[in-house]
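Below: the structure, in C-alpha cells.
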Amino acid sequence: MGFIIFLVFLLLLVAVFVIVNIRVVAQSRACVIERLGKYSTTWETGLHVKMPFIERIAKNVSLKEQVVDFEPQAVITKDNVTMKIDTVVFFQITDPKLYCYGVEAPLAAIENLTATTLRNIIGELELDATLTSRDTINTKIRSILDEATDPWGIKVNRVELKNILPPKEIQDSMEKQMKAERERREAILRAEGEKQSRILEAEGFKQSKILEAEAEKQSAILRADAVREQKIREADGESQAILKIKQAEADGIKMIKEAAPSEEVVKLKALEAFAKAADGKATKIIIPSEIQALAGLASGLEGTIGK
C-alpha cells in the first residue's frame, strides 16, 4: 500500500516537472536556450519542453519592429551653432542569438551610437543645410547604424529626426523670416488675384464690344437689305408702268393700223398733235409746208361744213 502511494506521488511529481517545463513560444517571438550555461538552441514559435535543472531560457525576445525615442542630443553645426536634436529609431531583431550575446545593453548601445553619428554628420553641415536636409541626414544615420548593429543581430529600418531645436535667437529670426515670407506670398497672391480680375474685366468688356459690333453689323445688314428690297420694288413698279405705257402705245398704233386712216386724216392728227405740243406757250412756231397745206384744207372743210 505504501509503495503504491509512493508511486503515485512520484508520477505526480514527474507530471508537475513536465508541466512546469513546457513552454509555448508565441508568434513573432523567440527564446534563446542555454544548457549548463552554454548556448544550446533558439526556440521559435510553437510548443517546447525544457530540461529541468539543465536548460534555462536566457532571453525571450520580440521579433517585431520596435521604436525607440531618444532624448534630445546637443550638437554643433559647421558654422558653430549649437542646437538640440532628438531622434527616433525603428529597428528589428533578426538574430536572437547575436542580440543576446553580441552587446551587453543593445538599446543603450544604439542610443550612444546614434548620438555619436548625429554629431559627426551635423558637424559637417551648416545651420541652413541642417534645417533643409532631414532626409539626407536620416539616410546617412540609418546606413551607419544598420552596418554597426549587424553584429548585434539588429537591423535598423529607419531613422527620423523628430525635432531640431536651434537657439532661441535663431528661432526668433527664423520666425520673422517665415512671417516676411508669408506676407510676401500673400502680397503675390493678392496681386495675382487683382491681375486675374482685371483680365476678366477686360475680357468681359472685349466680349461686350464684340457683341455690340456684331449687333450693329447685323442691324446694318438688315437696313441695307430693306433699302435694297425697297429699290427693287420701286424699280419693278417703274418697269411695270413703262411696260403698260408701251403696251398702250403699241395698242394705239395697232388700232390705227387696223383702222387704215387716209392720208388726210393722218395729216389732220399730226396737226392736232402739233397744236398740243405748242399749247399756246410758244411765241413763234415754224410750221412745215405739209402741215400749212393741211391747215388750209382744214379751213376749207370748216367753211364748207359751215354753209
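Note that the numbering runs from 1 along the sequence shown for the chain.
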| Do I122 and I76 have side chains that get closer than 4.5 Å, going by heavy atoms? | no
| Is the closest side-chain heavy-atom distance between M83 and T77 below 4.5 Å? | yes
| Those residues that, when tested against R29, pass side chain to side chain donor-acceptor pair (under 3.5 Å) (two or more places apart) | N60
| said: Within this structure, what is the CD-OG distance for the pair E212 and S208, rounded to the nearest 0.5 Å? | reply: 4.0 Å
| query | Side chain of T87, backbone of E160: donor and acceptor closer than 3.5 Å? | reply | no
| query | Does Q73 reach the side chain of I85, with side-chain heavy atoms less than 4.5 Å apart? | reply | no
| field | Over all atoms of both residues, closest heavy-atom pair of Q66 and S62 | value | NE2-O, 3.6 Å
| query | So, S28 side chain and K64 main chain: donor-acceptor pair closer than 3.5 Å or not? | reply | no
| Transitive ILVMFWY side-chain link V81 to L165, under 4.5 Å | no
| request: Report yes if some heavy atom in the side chain of I33 is under 4.5 Å from a heavy atom in the side chain of T42; otherwise report no. | output: no
| request: Using a cut-off of 6.0 Å, state whether more than 12 heavy atoms not belonging to Q196 lie near its atom CD. | output: yes
| said: For I164 versus R134, what's the shortest heavy-atom pair and its separation? | reply: CD1-NE, 3.6 Å
| Going from CG on D225 to CZ on R228, what distance comes out if it is rounded to the nearest 0.5 angstrom? | 5.0 Å
| Between atom CZ of F53 and atom CG of L36, what is the distance when rounded to the nearest 0.5 Å? | 12.5 Å
| request: Please determine if R35 and E55 form a salt bridge, counting it only when a charged side-chain N lies under 4.0 Å from a carboxylate O. | output: yes
| message | Could you check whether atom CD of E104 has more than 12 heavy atoms from other residues, nucleotides or ligands sitting under 6.0 Å from it? | response | no
| message | Rounded at 0.5 Å granularity, tell me how far CG in L125 sits from CG in L131. | response | 10.5 Å
| hydrophobic_cluster_shared for F90 and I93, side chain cutoff 4.5 Å | no
| message | Closer than 4.0 angstrom, basic N to acidic O: yes or no for E186 and K179? | response | no
| request: May I ask you to decide if T116's main-chain N or O and N120's side chain share a donor-acceptor pair within less than 3.5 Å? | output: yes
| What closest approach, in Å, do V25 and C31 show between heavy atoms, and which atom pair accounts for it? | CG2-SG, 4.0 Å
| query | For I232, does its backbone N or O pair with a side-chain atom of D236 as donor and acceptor, under 3.5 Å? | reply | no
| message | Looking at R142, is its backbone amide N or carbonyl O close enough to the side chain of D146 to form a donor-acceptor pair, meaning the two atoms are under 3.5 Å apart? | response | no
| Carboxylate-amine/guanidinium proximity below 4.0 Å for E181 and R184 | yes
| said: Would the distance check show the side chain of Q92 and the main-chain N or O of L63 forming a donor-acceptor pair, the cut-off being under 3.5 Å? | reply: yes
| said: Distance check, rounded to the nearest 0.5 Å: D79 atom CG versus D128 atom CG? | reply: 7.5 Å
| Linked, directly or transitively: L145 and L107 (ILVMFWY side chains, under 4.5 Å) | yes
| message | Do the side chains of E194 and R190 get close enough for a salt bridge, i.e. N-O under 4.0 angstrom? | response | no
| Non-hydrogen atoms of V103 and P106 that approach each other most closely | CG1-CA, 3.6 Å
| query | With a 3.5 Å cut-off and no angle check, do the side chains of E203 and Q207 form a donor-acceptor pair? | reply | yes
| task | Anything under 30° is parallel, anything over 60° is perpendicular, the rest tilted; go ahead and classify Y101 against Y39. | result | perpendicular
| request: Would you please test V68 and E111 for side chain to side chain contact (heavy atoms under 4.5 Å, CB included) and show each step? | output: CA-CA 9 Å; V68 59; E111 181 178 6; over 6 Å; no
| said: Does this structure show an ion pair linking K231 with E234, if we count only N-O contacts that are shorter than 4.0 Å? | reply: no
| request: Work out which heavy atom in P72 is nearest to a heavy atom in K84; give both atom names and the distance. | output: CB-CB, 4.2 Å
| query | Would you find a donor on one side and an acceptor on the other, under 3.5 Å apart, between the side chain of R23 and the backbone of K50? | reply | no
| request: Supply the atom-to-atom distance F91 CZ to T114 OG1, rounded to the nearest 0.5 angstrom. | output: 10.0 Å
| task | Report yes or no: do I154 and F70 belong to one cluster of Ile/Leu/Val/Met/Phe/Trp/Tyr joined by side chain heavy-atom distances under 4.5 Å? | result | yes
| Positive for side chain to side chain contact (heavy atoms under 4.5 Å, CB included) with L161, one of L118, D135, V88, D86 | L118
| field | Cluster link W43 to V61, ILVMFWY, side chain under 4.5 Å | value | no
